[in-house]
Trainee: 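Dumping the structure here so I can ask a few things about it.
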Amino acid sequence: MNIFDLYLDKIISLVKTLSKDDLIKLPDNLDGINVDIPPSNFNCDISTNVSMVLSKINKKSPIDIADQLIKVIKSNDSDIERISVAKPGFINIKFNSKYWNNFIKEVNSNYKNFGVNSKEKKQKYLIEFVSANPTGPLHVGHCRGAILGDVISNILIFNKHNVSKEYYVNDYGNQIINFTKSVFLRIREKLNNEKFPTENTDLYPGDYLIDIANNIIQNNKKINFENFDAISKDLTILAVAESLKLIKKNLQSLGIVHDKFISETQLVKNNEVEKVIDYLKKKKLVYEGKIQAPKKEDETKWIERKQLLFKSTNYGDDKDRALQKNDMSWTYFASDVAYHNNKLNRNFDKLINILGADHAGYIKRITSVVEALSNKKNKIICKVSQLVKLVKDGKPFKMSKRKGDYITVEDLITEVGKDATRFIMLNRSSDVELDFDFTKVKEKSKDNPLYYVQYCYARISSVFRHVELDINKDLNVKKYNFKYSDAEIKILKKISEWPKCIEVASLRLEPHRIPIYLYELSSEFHSYWNLGKDDESKRFINDKRKISDDKLVFLKIISNVIKSGMNIVGVDTPEKM
RNA sequence: GCGCUCUUAGCUCAGCUGGAUAGAGCAUCGGUUUUCUAAACCGAGGGUCGGUGGUUCGAGUCCACCAGAGCGCACCA
């Protein structure tokens, strides 16, 4: 139940009636009309700009139109306490207590669906995220995209969409060969005491490879680790499986579970790459040609060569993209084309890809391919998560893959915990770089928004505990005819914004709006709570250790909104802290 | 050189797809605990929304140009 949308419908049907009776002229397009939250310094609940939109065509000032409209609006709505016109021509409405009683009743009895965007068409989504190379455990850099993807899924699921979460396993190509070689050398180190060549920069030096090597030795006693070429294929499968085990464990400790893992090697094996490229050739979108050197590049070093190219310039990319390497094997892009074709064949309504900032340049070519393959625009949405700058003790902290001194997800979770990581990573728009300060995130104080919101829920729980009620049980109130104070209505207004928050978060795939909303709601609640210090009548529990129904249902709906918000974010709401 | 993203208070950032007097937190200064949880609250100071033009009833928000920061620009994934 979105009160802003409901009122917008009301206003629109009202002006339509007026126009039928020839009392007012309407423009062709009514989309400009909206019903919004007024700034807090105006003492009213909702406001609308109708009169500004109607002003031009009626050749009257917005104020005059507004004066005309408020009489009609008021006489059509018994829930209005006060209606007024403000400066440029806004119509401001304040509701009476009957309205807020109905609101609170509605929210309490349908709390499970409060906030769900019911007008959105239910769709089938495929969201691909993380997809880090299976060459070792995840590190901090992967976290943001992982959490972003997970919470976007949660929002879509909350809105009753069908969502499939997928991880694309890049188990094909040079870096995998290097990885397998590194595992092989670690095995040799263990079995034959041959020193691992740490000076070779192509290899993976990390200590986790020793564990992987040990596991493989333990479980595969029959394999003869003499000749790399003889066993490289089998060893790749084993090594990737070990990596994926680590990655899945990392994801699990972040609270993330993917529905499906798709292997690049499998796509290549099934000839899906050839098939899709043949198809694109027939559509004249793949051809043999040359790529010119970018301006920056030293032209003497540039080797121009005929190769298979995809015509992404047809779709606005700056150059066509290579599909084959000079050894004729497929490029990463080629198998990604096949992967996206595979996605499209599974009949999803929308595809979502979550990418890291360093892959942002990749978006154009992949959206081009999806457009070419599906003949549809906007079938795929790519969402970029910007970098996370790590800060430790007030100083930037650089990770180096070379030295192997990067912070893994496991380190992060043991140090700051899953909930704090998720909440902090989401507390900013994904479009901006994020400072992740270890010392601050660990602090259990007001510096940390997670605890601020959790504390709000814990305070409400403590009231329920004191009056011996279960906060998790449904609350049945027989009669709603309460009188709420201005301070309480302020919070009810904030509650009424929850569906709007969800709507925008889901429409624009911006999950950060949820933690921000929860913080604001908590702030208003804490403020209200402290009123009880000076004024005993504002306390929830009275001197007879009882709580009245109005306060009880008021607390209940706040706690429900916090709980469903925190569920979407994927963090706990402890009843005691 | 090209592309993408960003620029809002001393610092870190919100700003609901164009609305009213631009908001939080931190930091600074000053207050509130015989109390349902002080992990909280209240108050004060702090702003040319990077710059210049444009679009319109109305711009932090949209467009153009300029400046600055980050990321990317092979047959690496």
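Here is the naming used below: chain letters follow the sequence lines, and residue numbers restart at 1 for every chain.
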Trainee: Heavy atoms under 4.0 Å, any strand shown: does A:Y172 hit a base, just sugar-phosphate, or nothing?
Mentor: sugar-phosphate
Trainee: Please state the C1' separation for the pair B:G18 and B:A59 - nearest whole angstrom.
Mentor: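 It comes out at 7 Å once rounded to the nearest Å.
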Trainee: Counting only side-chain nitrogens and oxygens, does A:Y451 get under 4.0 Å of the OP1 or OP2 atom of B:G25?
Mentor: no
Trainee: Nearest 0.5 Å please: distance from the OG1 atom of A:T421 over to the CG atom of A:L426.
Mentor: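 If we round to the nearest 0.5 Å, A:T421:OG1 and A:L426:CG are 10.5 Å apart.
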Trainee: For A:I37, which contact category applies under a 4.0 Å heavy-atom criterion: base, sugar-phosphate, or nothing?
Mentor: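 Since a base atom lies under 4.0 Å of A:I37, the category is base.
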Trainee: I want to verify a distance call: between B:U17, B:A77, B:C75, whose nearest atom is closest to the A:L507 side chain?
Mentor: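 Nearest to the side-chain atoms of A:L507, counting from C-beta on, is B:U17.
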Trainee: Pick base, sugar-phosphate or nothing for A:K533, based on heavy-atom distances below 4.0 Å to the nucleic acid.
Mentor: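 Contact class for A:K533: base.
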Trainee: Please report, rounded to the nearest Å, how far the P atom of B:C36 is from the NZ atom of A:K556.
Mentor: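 Answer to the nearest Å: 23 Å.
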Trainee: Whether A:H512 contacts B:G15 is assessed here as follows: a side-chain N or O lying under 4.0 Å from the phosphate OP1 or OP2. Is that the case?
Mentor: yes
Trainee: Which part of the nucleic acid, if any, lies within contact of A:S527, taking any heavy atom under 4.0 Å across all strands shown: a base, the sugar-phosphate backbone alone, or nothing?
Mentor: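 Contact class for A:S527: sugar-phosphate only.
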Trainee: Nearest 0.5 Å, please: how far is CZ in A:F554 from CD1 in A:I547?
Mentor: 10.5 Å
Trainee: At under 4.0 Å between heavy atoms, what does A:P38 touch on the DNA or RNA strands: base, sugar-phosphate, or nothing?
Mentor: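 Base contact.
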Trainee: Can you tell me which nucleotide in B:A20, B:A40, B:A14 comes closest to the side chain of A:I516?
Mentor: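 Nearest to the side chain of A:I516 among the choices is B:A14.
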Trainee: Say you pick atom P in B:G50 and the same atom in B:C11; how far apart are they, in whole Å?
Mentor: 13 Å
Trainee: When the distance from CD1 of A:I381 to P of B:C4 is rounded to whole Å, what number comes out?
Mentor: 19 Å
Trainee: The side chain of A:F90 is closest to which nucleotide in this list: B:A39, B:A20, B:C41?
Mentor: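 The closest nucleotide is B:A20.
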Trainee: When you measure from the side-chain N and O atoms of A:T331 to the phosphate of B:C76, is any distance below 4.0 Å, counting only OP1 and OP2?
Mentor: no
Trainee: So, OP1 or OP2 of B:A38: does either fall under 4.0 Å of a side-chain N or O from A:W529?
Mentor: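 Result: yes.
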Trainee: By the 4.0 Å heavy-atom rule, please label A:S429 as base, sugar-phosphate, or nothing.
Mentor: sugar-phosphate
Trainee: Is any side-chain heavy atom of A:S47 closer than 4.5 Å to one of A:N92?
Mentor: yes
Trainee: Surrounding NZ of A:K490 (heavy atoms of other residues, nucleotides or ligands, distance under 6.0 Å), is the total greater than 12?
Mentor: no
Trainee: A:Q175 and side chain to side chain donor-acceptor pair (under 3.5 Å): which single residue from A:T180, A:N170, A:N133 fits?
Mentor: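 Single side chain to side chain donor-acceptor pair (under 3.5 Å) partner of A:Q175 among A:T180, A:N170, A:N133: A:N133.
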Trainee: Roughly how many Å apart are B:C66 and B:G1, using the P atom of each and rounding to a whole number?
Mentor: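 My reading of the P atoms in B:G1 and B:C66 gives 11 Å.
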Trainee: Check every atom of B:A14, B:C76, B:U17 against the side chain of A:V432 and return the nucleotide holding the closest atom.
Mentor: B:A14
Trainee: Starting at the 5' end of RNA chain B and moving along, which residue's nearest nucleotide shows up first, A:D318 or A:C501?
Mentor: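 The residue whose closest nucleotide sits nearer the 5' end is A:D318.
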Trainee: Please check if atom CG in A:D327 has more than 12 non-hydrogen atoms from other residues, nucleotides or ligands closer than 6.0 Å.
Mentor: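 Yes, the 6.0 Å shell around CG holds more than 12 heavy atoms from other groups.
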Trainee: May I ask you to test the A:R321-A:K364 pair for a side-chain heavy-atom distance under 4.5 Å?
Mentor: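 No. Closest side-chain heavy atoms not under 4.5 Å.
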Trainee: Looking at A:K181, I want to see if its NZ is surrounded by more than 12 non-hydrogen atoms of other residues, nucleotides or ligands under 6.0 Å.
Mentor: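 Open.
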Trainee: Parallel, tilted or perpendicular: which describes the rings of A:H359 and A:Y362, with under 30° parallel and over 60° perpendicular?
Mentor: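 Perpendicular: the ring planes of A:H359 and A:Y362 meet at over 60°.
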Trainee: A:D431 has a side chain; which of B:U5, B:C75, B:U17 sits nearest to it?
Mentor: B:U5
Trainee: Phosphate oxygens OP1/OP2 of B:G15: is one of them under 4.0 Å from a side-chain N or O of A:R513?
Mentor: yes
Trainee: When every nucleotide of nucleotides 45-51 of chain B is labelled 5' to 3' by its protein contacts under 4.0 Å (heavy atoms), B for base, S for sugar-phosphate only, - for none, what sequence of letters results?
Mentor: -------
Trainee: When you compare B:G47 with B:G10, how far apart are their C1' atoms, in angstrom units rounded to a whole number?
Mentor: 12 Å
Trainee: Using a cut-off of less than 4.0 Å, is there contact between a side-chain N or O of A:K325 and OP1 or OP2 of B:A77?
Mentor: yes
Trainee: What contact category does A:N49 fall into here, base, sugar-phosphate, or nothing, at under 4.0 angstrom with non-hydrogen atoms?
Mentor: base
Trainee: Does a side-chain N or O of A:R459 approach OP1 or OP2 of B:A38 to a distance below 4.0 Å, or not?
Mentor: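 Yes.
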Trainee: Could you give the distance separating B:U8 and B:G23 at their C1' atoms, to the nearest angstrom?
Mentor: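 Nearest-Å result for B:G23 against B:U8 at atom C1': 10 Å.
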Trainee: Can a donor-acceptor pair under 3.5 Å be found between the side-chain atoms of A:R305 and the base atoms of B:C75?
Mentor: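 Checked by distance alone, the answer is yes.
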Trainee: Can you list the stems that include RNA chain B, where a stem is three or more consecutive Watson-Crick or G-U pairs with distances under 3.5 Å?
Mentor: B:1-7 with B:67-73, B:10-13 with B:23-26, B:28-32 with B:40-44, B:50-54 with B:62-66
Trainee: On a whole-Å scale, what distance lies between the C1' atoms belonging to B:A40 and B:U56?
Mentor: 46 Å
Trainee: If you check the A:R428 side chain, which of B:C75, B:U35, B:U12 turns out closest?
Mentor: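 It is B:U12.
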Trainee: The side chain of A:N326 is closest to which nucleotide in this list: B:U12, B:C75, B:G19?
Mentor: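 Among the listed nucleotides, the one closest to the side chain of A:N326 is B:C75.
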Trainee: Do the side chains of A:I495 and A:L521 get nearer than 4.5 Å, heavy atoms only?
Mentor: yes
Trainee: Does a side-chain heavy-atom distance below 4.5 Å link A:F129 with A:I152?
Mentor: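 Heavy-atom side-chain distance check fails, nothing below 4.5 Å.
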Trainee: What's the closest nucleotide to the side chain of A:Q175 if the choices are B:A20, B:A77, B:A40?
Mentor: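 In terms of side-chain proximity for A:Q175, the closest of B:A20, B:A77, B:A40 is B:A77.
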Trainee: Please work out whether the ring planes of A:F540 and A:F525 are parallel, tilted or perpendicular, with thresholds of 30° and 60°.
Mentor: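 Parallel, since the angle between the ring planes stays under 30°.
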Trainee: With a non-hydrogen cut-off below 4.0 angstrom, is A:E575 in contact with a base, only sugar-phosphate, or nothing?
Mentor: base
Trainee: For B:U55, does the O4'-C1'-N9-C4 or O4'-C1'-N1-C2 angle fall within 90° of 0, making it syn, or is it anti?
Mentor: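 With its glycosidic angle more than 90° from zero, B:U55 counts as anti.
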Trainee: With heavy-atom distances below 4.5 Å as the criterion, would you say the side chains of A:R365 and A:Y315 are in contact?
Mentor: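 Sidechains of A:Y315 and A:R365: no contact.
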Trainee: Check whether the side chain of A:N92 and the base of B:A20 form a donor-acceptor pair under 3.5 Å.
Mentor: yes
Trainee: Which is true for A:A86 with a 4.0 Å heavy-atom rule: it touches a base, it touches only sugar-phosphate, or it touches nothing?
Mentor: base
Trainee: How about CG on A:N29, more than 12 heavy atoms from neighbouring residues, nucleotides or ligands closer than 6.0 Å, or not?
Mentor: yes
Trainee: What interatomic distance, in whole Å, is found between C1' of B:G60 and the corresponding atom of B:U21?
Mentor: 15 Å
Trainee: Reading RNA chain B from 5' onward, which residue's closest nucleotide shows up sooner: A:D534 or A:E433?
Mentor: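 Of the two residues, A:D534 wins.
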Trainee: Determine the interatomic distance between P on B:A14 and the same-named atom on B:C75; round to the nearest Å.
Mentor: 35 Å
Trainee: Give the rounded distance in Å between these two atoms: CZ of A:F42 and P of B:G23.
Mentor: 11 Å
Trainee: Would you classify A:E503 as touching base, sugar-phosphate or nothing, given that sugar-phosphate means primed atoms plus P, OP1 and OP2, and contacts are heavy atoms under 4.0 Å?
Mentor: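 Result for A:E503 = nothing.
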Trainee: Which of the following nucleotides, B:A77, B:A38, B:C71, is nearest to the side chain of A:L387?
Mentor: B:C71
Trainee: Hey, does A:A458 reach any base, or is it just sugar-phosphate, or nothing, if we go heavy atoms under 4.0 Å?
Mentor: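 Counting heavy atoms under 4.0 Å across all strands, the contact made by A:A458 includes a base.
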Trainee: Within the structure shown, what part of the strands sits under 4.0 Å from A:N41 by heavy-atom distance: base, sugar-phosphate, or nothing?
Mentor: base
Trainee: Assign A:Q386 to base, sugar-phosphate, or nothing according to its heavy-atom contacts below 4.0 angstrom with the strands shown.
Mentor: sugar-phosphate
Trainee: Just call it for A:K56: base, sugar-phosphate, or nothing, with non-hydrogen atoms closer than 4.0 Å on any strand.
Mentor: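 A:K56: backbone/sugar contact only, no base atoms under 4.0 Å.
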